[in-house]
Amino acid sequence: MSFALTLPDGSKKEFDAAVSVADLASSISTSLAKNAVAGKVDGEIKPLDFQLAADHEVAILTNKDAEGLSVLRATVAFVLEALVKDKYPEIKLGQAEVSEDGFFIETDKEDQIKVTELPDLEKALQKAIKNGEAIEHVQVAKSELAEAFKDDPYKSELLTKEGDVVDAYKLGDFVDFGFSAILPNTGKIKKFKLLSVAGAYWKGKSSNPMLQRIFGTAFFKEADLEADLKRRAEIKERDHRTIGRDLDLFFVDPKVGAGLPYWMPKGATIRRIIERYIVDKEVAAGYQHVYTPVLMNLDAYKTSGHWAHYREDMFPPMDMGEGEMLELRPMNCPSHIQIYKHHIRSYRELPIRIAELGMMHRYEKSGALSGLQRVREMTLNDGHTFVALDQVQEEFARTLQIIMDVYHDFDINDYYFRLSYRDPKNTDKYFANDEMWERSQSMLKAAMDDMGLDYVEAEGEAAFYGPKLDIQTKTALGNDETMSTIQLDFMLPERFELSYIGADGEEHRPVMIHRGIVGTMERFIAYLTEIYKGAFPTWLAPVQAEIIPVNLDAHSDYAKKVRDELVAKGFRAEIDFRNEKLGYKIRESQTQKVPYTLVLGDDEMNAGTVNVRPYGTEEQNSESLAEFMDKLSKDVASYSRED
């Protein structure tokens, strides 16, 4: 019986007997067969020996396809599993996963694998490649695999999800499953690198054992591997955790609280400057700044719906007795609603804009915590505006303009707009009110269209209570991240029975607009640290001028005089009084990425000048202190921008 295989260009190839994916590639062209790494059969990746015996849609994956690269990385992960099992027979194996960033395998033994052991594992991998050992695709009875993995709790657990007959791969005596496709020979592995080791809870649950993950990457071409390693080096150089440690900005100590940052004086200075900037910006835009408690009655979060939707991300309630349950707030919306409800409101007051640098707490799992990016305590630059229905679009445009002005001041240019809608099929996440959703989504779309701004649309990214505009930025590490949001909400005003007295003397329901201009202080400062590589612009730098007396005995008094005059004018200056060589102090100032280093010797003291050395340049200029302060003033006033 004949069958037809439909290729990506729509053409068909007919066969009278079963053929493998590799055979199909050979029937198309010799070069395709040479470069083939797997097949995509009806949308599923299959190995080269997969048999085709019926009508299918088939694409041949090569070393030029992203999915082909995934097959290569899966092969390296599989071979690495075999090698660690051979080297450490007692080891237990968990999951092996492939991503756009590389691959990892999970291992568990009493003395976990150390990063210093990776070079030896790389040598073993190189030997396997050189020998060109065959990798066999087999189908094995589930019961047979269960016997093979009876002493491995992780593989045994993964096996429970498989059918009675399991697709598996063999390399010598080693066998494993869970891979969609593997290359048929280790010799087809090209360029690879083992990168690091890290701990990870089994299946991401903190109640499970901690396993070891070995991370690596692989490419078909040397140039691609070199480019990727260069990218990783850049990421490491920009990592806000490393910079934060080197510049003494913040620290997190699991012994006193994982995910709870401690802000050192320099980091606190950066944060304070940003907070003052934000508050001044918002007050000038008509916002009323408030303070509200970090604790709230649990009933408020039940009314808002946060308890039902985000309970797993909230800390356990505190039983205060007599039926009172208090909750560490995970968001500020109900708090600002209480501010609004505290008075009877008139239509003449609208819009009412309420803002706060509000501290929140989220029950983040230990494995998800990362520097300032993912924390358990955070301070959100939060705001809520209460408007009449006919004010929605104007207020939306006004809010968006504030956000874009802030981005300009911080020199953030790489961003785009995403309108985030509900997924109408997801009735668990989004409350059922089709009319509300359609009206609010069309309002946001109309506002963006009126402003003439380009945007993408994303279904299923809305908040549970309403659609939103997300401003997506590219981090210095190349990740796509939501920096700011504007969210439209008809639901919470209804649930909390908010009202205002209209011109007709009757009660009306306001619309609530949620917005965060720069997100949380923690994540925003992490973003800026990586964007600037720790070289903060003058207006943000924790130390704007490092003063270095050439001779401590002869020039310290003049250094103090210069510092005092700078500080009196509101600038941030420090003196390096350490008994170190001049060259060392100058290099240290550069290492700390201070915008200006002032070297003061006899010439400067006698002339009443300062020798100015800007960060990152070989330039040196002798200026009067007044001229230097004028330069600092211009830097601060222009947010350190040339334009």
Side-chain angles (χ1 to χ4, degrees), residues 274 278 281-282 285 287 304-306 309-310 313 329-337 351 353-360 362 373-375 378-387 392-393 395-407 410 412 414-423 429-430 437 440-448 451 453-475 479-493 511-528:
I274 294 172
I278 288 294
K281 196 82 171 177
E282 291 177 339
Y287 283 89
S304 68
H306 290 110
H309 288 275
Y310 296 121
D313 298 321
R329 69 177 174 194
M331 61 284 297
N332 306 307
C333 327
S335 300
H336 292 181
I337 285 173
R353 305 180 184 96
I354 297 171
E356 179 179 12
L357 292 168
M359 184 180 290
M360 312 183 306
R362 301 279 174 90
Q373 291 276 9
R374 293 290 292 273
V375 292
M378 65 218 75
T379 298
L380 180 64
N381 159 226
D382 208 359
H384 298 89
T385 305
F386 301 86
V387 298
V392 167
Q393 287 185 221
E395 186 64 22
F396 174 88
R398 178 190 178 97
T399 305
L400 182 53
Q401 187 59 57
I402 295 172
I403 291 173
M404 291 193 291
D405 289 346
V406 170
Y407 281 16
F410 283 94
I412 299 171
D414 191 1
Y415 62 90
Y416 68 93
F417 301 114
R418 183 183 75 188
L419 284 181
S420 297
Y421 304 142
R422 70 158 174 169
D423 177 359
K429 179 177 180 181
Y430 302 110
W437 281 104
S440 56
Q441 289 176 177
S442 64
M443 277 183 164
L444 285 190
K445 191 175 189 327
M448 291 296 288
M451 296 179 74
L453 296 172
D454 293 330
Y455 54 87
V456 298
E457 297 174 292
E459 188 176 276
E461 295 293 334
F464 75 90
Y465 48 74
K468 58 179 178 170
L469 172 72
D470 291 320
I471 295 91
Q472 301 295 112
T473 58
K474 279 289 185 186
T475 69
N479 300 320
D480 200 45
E481 186 175 275
T482 301
M483 177 72 73
S484 313
T485 60
I486 307 175
Q487 303 169 0
L488 202 56
D489 183 2
F490 288 80
M491 187 193 80
L492 292 187
V511 180
M512 190 173 175
I513 298 176
H514 308 244
R515 47 105 289 207
I517 292 178
V518 295
T520 68
M521 290 296 105
E522 289 75 13
R523 181 169 287 189
F524 187 55
I525 292 173
Y527 168 84
L528 293 178

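Residue numbers count from 1 along this sequence.
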In the structure I gave you, are the side-chain heavy atoms of [X] and [Y] within less than 4.5 Å of one another anywhere?
{"X": "Met360", "Y": "Pro330", "value": "no"}
{"X": "Met443", "Y": "Val511", "value": "no"}
{"X": "Ser484", "Y": "Tyr407", "value": "yes"}
{"X": "Ile274", "Y": "Asn381", "value": "no"}
{"X": "Phe396", "Y": "Met448", "value": "yes"}
{"X": "Cys333", "Y": "His384", "value": "yes"}
{"X": "Asp489", "Y": "Ile513", "value": "no"}
{"X": "Ile403", "Y": "Met483", "value": "no"}

**Study point:** Expected output: side-chain Arg418 to main-chain Val456 donor-acceptor under 3.5 Å
**Key:** no
Review point. Any donor-acceptor pair under 3.5 Å linking the side chain of Glu522 with the backbone of Thr379?
Key: yes
Review point. Are Leu400 and Leu453 close enough, and set up right, to give a side chain to side chain contact (heavy atoms under 4.5 Å, CB included), and what steps lead you there?
Key: CA-CA 11 Å; Leu400 182 53; Leu453 296 172; 3.4 Å; yes
Revision key, fill the gap. The side-chain hydrogen bond (donor to acceptor under 3.5 Å, both in side chains) partner of Tyr421 among Lys445, Lys468, Glu459, Glu457 is Glu457
Interatomic distance, [X] atom [atom1] to [Y] atom [atom2] [nearest 0.5 angstrom]:
{"X": "Leu488", "Y": "Ser440", "atom1": "CG", "atom2": "OG", "value": "5.5 Å"}
{"X": "His514", "Y": "Ile486", "atom1": "NE2", "atom2": "CD1", "value": "12.5 Å"}
{"X": "Tyr455", "Y": "Leu469", "atom1": "OH", "atom2": "CG", "value": "10.5 Å"}
{"X": "Ile337", "Y": "Leu492", "atom1": "CD1", "atom2": "CG", "value": "4.5 Å"}
{"X": "Ile471", "Y": "Ile412", "atom1": "CD1", "atom2": "CD1", "value": "11.0 Å"}
{"X": "Ile517", "Y": "Tyr287", "atom1": "CD1", "atom2": "OH", "value": "6.0 Å"}

**Study point:** Whether Tyr527 and Phe524 hold their rings parallel, tilted or perpendicular, with breakpoints at 30° and 60°
**Key:** parallel
Search all heavy atoms of [X] against all heavy atoms of [Y] and return the closest pair with its distance.
{"X": "Ser304", "Y": "Met491", "result": "O-CE, 3.5 Å"}
{"X": "Ala355", "Y": "His336", "result": "C-CE1, 4.2 Å"}
{"X": "Ala462", "Y": "Trp437", "result": "CB-CZ3, 4.0 Å"}

Exercise for review: Let me see the working for Met378 and Arg362 under side chain to side chain contact (heavy atoms under 4.5 Å, CB included), right down to the final yes or no.
Suggested key: CA-CA 8 Å; Met378 65 218 75; Arg362 301 279 174 90; 3.3 Å; yes
**Study point:** Enclosure of Asp454 CG (heavy-atom neighbours >12, cutoff 6.0 Å)
**Key:** no
Point to revise | Ion pair Arg353/Glu395, N-O distance below 4.0 Å | key: yes
Point to revise | side chain to side chain contact (heavy atoms under 4.5 Å, CB included) between Met512 and Gln487, intermediate numbers included | key: CA-CA 8 Å; Met512 190 173 175; Gln487 303 169 0; over 6 Å; no
**Study point:** Set of side chain to side chain donor-acceptor pair (under 3.5 Å) partners for Asn332, sequence neighbours left out
**Key:** Arg329, Asp382
